[in-house]
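Proteins come first, then strands; the chains are lettered A, B, ... in the order of their sequence lines, and each starts at number 1.
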Amino acid sequence: QTNVTIYGVADAAIGAGHSDDNDFRGVVGGVLSGNRIGFRGTEDLGNGLKAVFTLEQGFSIDNGTERINGLAFSRQAFVGLQGSFGTVSLGRQYAPGYFANYDAALSGLISPQSTLTSGAGLSITPNSAARWDNSIAYTGTFGGLTARAIYSAQTETEVALGENQNNDDRWGASLDYANGPFKAGVTYHFVKETGANNDARKELYVGAEYNFGVLTVAGSWQNARDFTNAAGILAGESDRDLRVWQLGVIVPVTAAGKVHVAYGKLQDRDLNDADAKNWAIAYTHALSKRTTAYAAYNKTQNDDNVAIGALNGTLVPAAGENAGMAVVGMRHTF
Amino acid sequence: QTNVTIYGVADAAIGAGHSDDNDFRGVVGGVLSGNRIGFRGTEDLGNGLKAVFTLEQGFSIDNGTERINGLAFSRQAFVGLQGSFGTVSLGRQYAPGYFANYDAALSGLISPQSTLTSGAGLSITPNSAARWDNSIAYTGTFGGLTARAIYSAQTETEVALGENQNNDDRWGASLDYANGPFKAGVTYHFVKETGANNDARKELYVGAEYNFGVLTVAGSWQNARDFTNAAGILAGESDRDLRVWQLGVIVPVTAAGKVHVAYGKLQDRDLNDADAKNWAIAYTHALSKRTTAYAAYNKTQNDDNVAIGALNGTLVPAAGENAGMAVVGMRHTF
Amino acid sequence: QTNVTIYGVADAAIGAGHSDDNDFRGVVGGVLSGNRIGFRGTEDLGNGLKAVFTLEQGFSIDNGTERINGLAFSRQAFVGLQGSFGTVSLGRQYAPGYFANYDAALSGLISPQSTLTSGAGLSITPNSAARWDNSIAYTGTFGGLTARAIYSAQTETEVALGENQNNDDRWGASLDYANGPFKAGVTYHFVKETGANNDARKELYVGAEYNFGVLTVAGSWQNARDFTNAAGILAGESDRDLRVWQLGVIVPVTAAGKVHVAYGKLQDRDLNDADAKNWAIAYTHALSKRTTAYAAYNKTQNDDNVAIGALNGTLVPAAGENAGMAVVGMRHTF
């Protein structure tokens with residue numbers, strides 16, 4: 001037992017939403033952080049070397065389902081070696097884009113960046129699209145600098161015919177810098193897309209955050225070029241270019257309470273009437289270091305050819321319609 | 001690790017059963033208590049307030065399957081706040097009917113009440129029909145009085161058209177009283193049923209138990225009115241009225257051993273030849289506080305239009321036939 | 001928490017393989033030991049008696065999937081009683097054939113015996129075919145002697161028509177002896193096969209190992225008679241006789257490093273051109289008692305009518321073609 005630490009998140013809220021066609025009333029899970037339970041451990045091997053492992057399952061607290069059907073550990077499953085050089089690990093792992101979190105809306109469901117990137121199918125996103133199978137990953141922190149890299153053979157491409165064996169291979173890298181009140185980072189993903197032409201999508205992200213004391217400002221800009229297989233919510237030609245940017249502030253209003261405001265925009269550079277805007281406001285109140293109560297509102301405005309949902313897809317409207325969701329809940333970490 | 005407690009039940013038996021058409025020989029899981037493994041924790045937030053969470057998976061010990069396919073936590077998944085006022089929680093949770101346990105047969109698979117209500121599809125039952133998704137629940141205990149309430153948006157009704165959004169919403173409430181040798185309680189469930197007419201089923205349960213020392217007597221009566229979507233084992237018209245009652249005794253025969261006898265009846269008030277009788281006898285022997293050995297027999301007699309199985313559906317006969325099951329096993333709680 | 005111990009294996013490698021038609025590049029899980037996480041406990045009941053339980057899930061570390069879809073505990077799920085007589089348990093359990101491990105290649109994916117038996121569908125194998133549902137099992141160790149027995153009603157045969165209810169019942173038994181540098185054992189499985197004629201397959205295994213100090217020699221011979229339902233990779237008539245034998249050595253080369261070499265052969269005694277050969281070489285290096293780094297190569301040569309994969313099916317070639325796989329990785333046990 002001493003070898004394993006159990007940890008996780010239990011986050012649930014009451015939600016009410018509205019779009020032109022649909023209403024939502026029910027329980028929403030994972031508004032601030034995705035629901036998860038994990039098992040991890042570290043063994044000291046001597047000479048500054050450690051063996052590390054993490055097995056982490058995502059689940060829906062509203063109905064108990066596995067976050068991805070058939071997966072025992074949908075969020076992370078890896079084993080690796082850690083030393084002064086950093087950590088090298090093998091398994092199902094986060095791509096660097098998962099950590100691209102210069103976001104006043106906490107990269108949660110309420111975040112415009114999370115909502116817009118997840119809706120458009122980008123992989124630089126704090127969502128499942130940034131969890132890559134069959135991957136080798138590296139993370140190293142040196143002073144204020146953190147470097148990340150990953151190479152993934154991804155699913156179902158391991159066994160294939162002749163020269164196409166790397167059909168959907170992908171890699172990513174990021175560099176993040178933190179110094180006192182200032183943080184900034186850049187992330188790049190290169191994702192081969194399956195299909196006839198076997199093109200590769202290229203994603204770039206830059207973000208920064210500055211804590212002025214009275215408030216914290218955070219923002220990011222990212223694009224995806226040659227995007228053939230969109231997530232399905234955007235119609236249109238292949239090899240499209242998408243852009244997502246967002247800007248927000250965190251304002252501490254009491255010792256335990258903060259107000260978060262963020263605005264983001266998704267732009268399709270190739271298709272007309274295919275932009276979407278999303279904004280969010282939230283109040284978070286720390287009941288303890290591990291438990292936070294919150295209230296939040298998230299709204300999406302879609303152009304005619306887009307159907308991005310509110311609150312990271314919790315309520316998806318018809319194309320061209322708007323959607324808004326309000327939630328009140330709590331996140332408990334353990 | 002200190003934040004999480006692991007707990008559960010491992011209960012398995014050898015079973016042999018017979019109906020006119022089918023025989024059963026194999027391993028039966030969860031005769032006294034459903035097999036489960038859970039993770040729960042409590043954090044003191046100060047001012048008498050606590051954060052609580054529970055994640056509980058059910059499984060079949062005979063073959064290792066998830067109790068409900070695709071669910072990581074099929075029994076319970078919730079997070080909530082606890083205080084002197086009680087507990088308020090959000091997630092997949094027990095409806096009050098899960099706790100309607102005035103039952104000499106321990107509300108296990110061997111119980112006539114469990115077998116008949118589960119077979120008929122009632123939701124006031126110690127079975128999965130009393131686990132509700134997307135729910136907010138309340139539990140409070142004040143002296144000998146325990147109050148429970150739940151409201152559930154249930155599955156797949158969260159997003160729907162216009163005014164029908166609450167299609168299958170449901171709520172329930174219960175009040176239980178315990179004072180020395182005497183216990184009694186009343187439970188009510190209101191379950192909107194999906195379908196054309198969108199009717200609502202109403203279920204009522206009353207039960208009581210008295211411990212005379214030399215024996216304990218327990219019994220319950222319950223009905224379900226306007227039952228449109230029956231569990232499929234009862235043919236017939238919609239809006240039916242069902243009744244289930246049962247009566248039993250527990251007789252301590254040694255310091256560690258008890259004999260349990262119970263008899264129950266399911267009555268369909270609208271359909272002829274659609275009643276079923278179930279009776280059970282069991283001997284339980286406590287090997288420790290946590291481990292119990294047992295032997296039991298459960299038998300169902302079905303009218304021509306009913307096909308209730310023995311031992312809570314472990315062996316289901318053809319309509320109108322009888323079925324009986326004997327088991328010998330042990331339950332270990334951890 | 002004191003009642004439950006969490007344990008497991010996290011084993012991942014980078015793999016590269018080649019057959020005439022297919023290439024493989026990616027992450028391979030469980031090369032030395034299958035990936036798993038388990039929960040087990042023991043309760044002292046007094047009088048030398050203990051209650052024991054084990055719940056063990058297998059998973060794929062390369063993509064996080066459940067080892068067998070829909071199973072919460074695909075490897076083991078049982079509860080039982082332990083005493084000086086041994087252990088009697090009920091649930092989903094290992095058949096004796098799972099422990100038939102006189103194998104210089106550690107019974108891992110790299111093992112010729114594991115690769116050939118798994119590919120041919122034998123049940124005396126360190127793979128899932130030796131995990132039996134609905135079973136009662138016995139294990140007892142008396143000095144250097146270990147006896148195992150199991151009876152399984154297996155899946156979906158519990159409820160069946162009349163006299164055929166035991167359609168796919170199966171049983172097994174083994175006796176293993178260990179004395180200083182010498183170990184030897186014999187295992188027998190009797191597996192009723194579903195289908196028209198309802199035949200029974202009989203499997204026999206004998207194995208031995210001797211540690212000469214400078215090297216350890218291990219080998220085994222096994223057969224399967226009246227094998228109607230082959231695993232699908234071998235075409236041909238029913239009631240076939242198969243044989244698998246293997247021989248290998250372990251050579252300690254440093255305090256922490258060992259070289260493992262093994263060669264095995266599968267022979268179909270009824271079908272022409274249906275033999276397969278498999279050989280393996282591995283270097284294992286103990287980084288600690290719990291963590292081992294390794295490099296290994298496994299190769300299969302198939303006759304025209306066989307398509308056994310390399311590395312226990314990680315890379316399956318077309319019938320009659322060869323396949324080879326190299327891996328470099330680490331196993332961490334917790």
Worksheet item: Any idea which of B:Asn35, B:Thr291, B:Ile68 has the most non-hydrogen atom pairs under 4.5 angstrom with chain C?
Response: B:Thr291
Worksheet entry | CZ/C:Arg225: more than 12 non-hydrogen atoms of other groups inside 6.0 Å | no
Worksheet item: Listed by chain and number, what are the salt bridge (charged side-chain N to carboxylate O under 4.0 Å, His left out) partners of C:Arg331, not counting sequence neighbours?
Response: none
Worksheet item: More than 12 heavy atoms of other residues, nucleotides or ligands under 6.0 Å from NZ of C:Lys202: is that the case?
Response: yes
Worksheet entry | Stepwise side-chain hydrogen bond (donor to acceptor under 3.5 Å, both in side chains) check, B:Arg25 with C:Asn134 | CA-CA 9 Å; B:Arg25 244 181 275 170; C:Asn134 293 310; over 6 Å; no
Discussion item. If you define the side chain from C-beta out and look only at heavy atoms, does anything of C:Ile6 sit under 4.5 Å from B:Ile6?
Written reply: yes
Worksheet item: What distance separates B:Thr333 OG1 from C:Phe53 CZ, expressed to the nearest 0.5 Å?
Response: 9.5 Å
Response to the item:
Whatever's closer than 4.5 Å to a heavy atom in chain B on C:Thr54 counts as neither
Worksheet entry | Heavy-atom neighbours of B:Asp20 CG exceed 12 at 6.0 Å | yes
Discussion item. Is it the case that over 12 heavy atoms from other parts of the model lie below 6.0 angstrom from the CZ atom of C:Arg36?
Written reply: yes
Worksheet item: Is atom NZ of B:Lys258 surrounded by more than 12 heavy atoms (other residues, nucleotides or ligands) closer than 6.0 Å?
Response: no
Discussion item. Would you say that C:Val52 contacts B:His332 through its side chain, given a criterion of any heavy-atom pair below 4.5 Å between the two side chains?
Written reply: no
Worksheet item: Rounded to the nearest 0.5 Å, how far does CD1 of B:Ile61 lie from CD of C:Gln93?
Response: 8.5 Å
Practice prompt. Pick one of side chain, backbone, both or neither for B:Ala72, based on which atoms fall under 4.5 Å of a heavy atom in chain C.
Written response: neither
Fill in: Approximate separation, where rounding is to 0.5 Å, of C:Glu43 CD and B:Lys289 NZ
11.0 Å
Worksheet item: How many angstroms lie between atom CD1 of B:Ile14 and atom OG of C:Ser135, to the nearest 0.5 angstrom?
Response: 10.0 Å
Worksheet, complete the sentence: Taken to the nearest 0.5 Å, the spacing of B:Thr65 OG1 from C:Asn69 CG works out to 11.5 Å
Worksheet item: Measuring heavy-atom distances to chain B, does C:Leu55 have an atom under 4.5 Å in its side chain, in its backbone, in both, or in neither?
Response: side chain
Worksheet entry | Residues from residues 77-92 of chain C approaching chain B under 4.5 Å (heavy atoms) | C:Ala77, C:Phe78, C:Val79, C:Gly80, C:Leu81, C:Leu90, C:Gly91, C:Arg92
Discussion item. With rounding to the nearest 0.5 angstrom, report the OH to CZ distance, B:Tyr7 to C:Phe39.
Written reply: 12.5 Å
Worksheet item: So what's closer than 4.5 Å to chain C heavy atoms on B:Phe59: side chain, backbone, both or neither?
Response: side chain
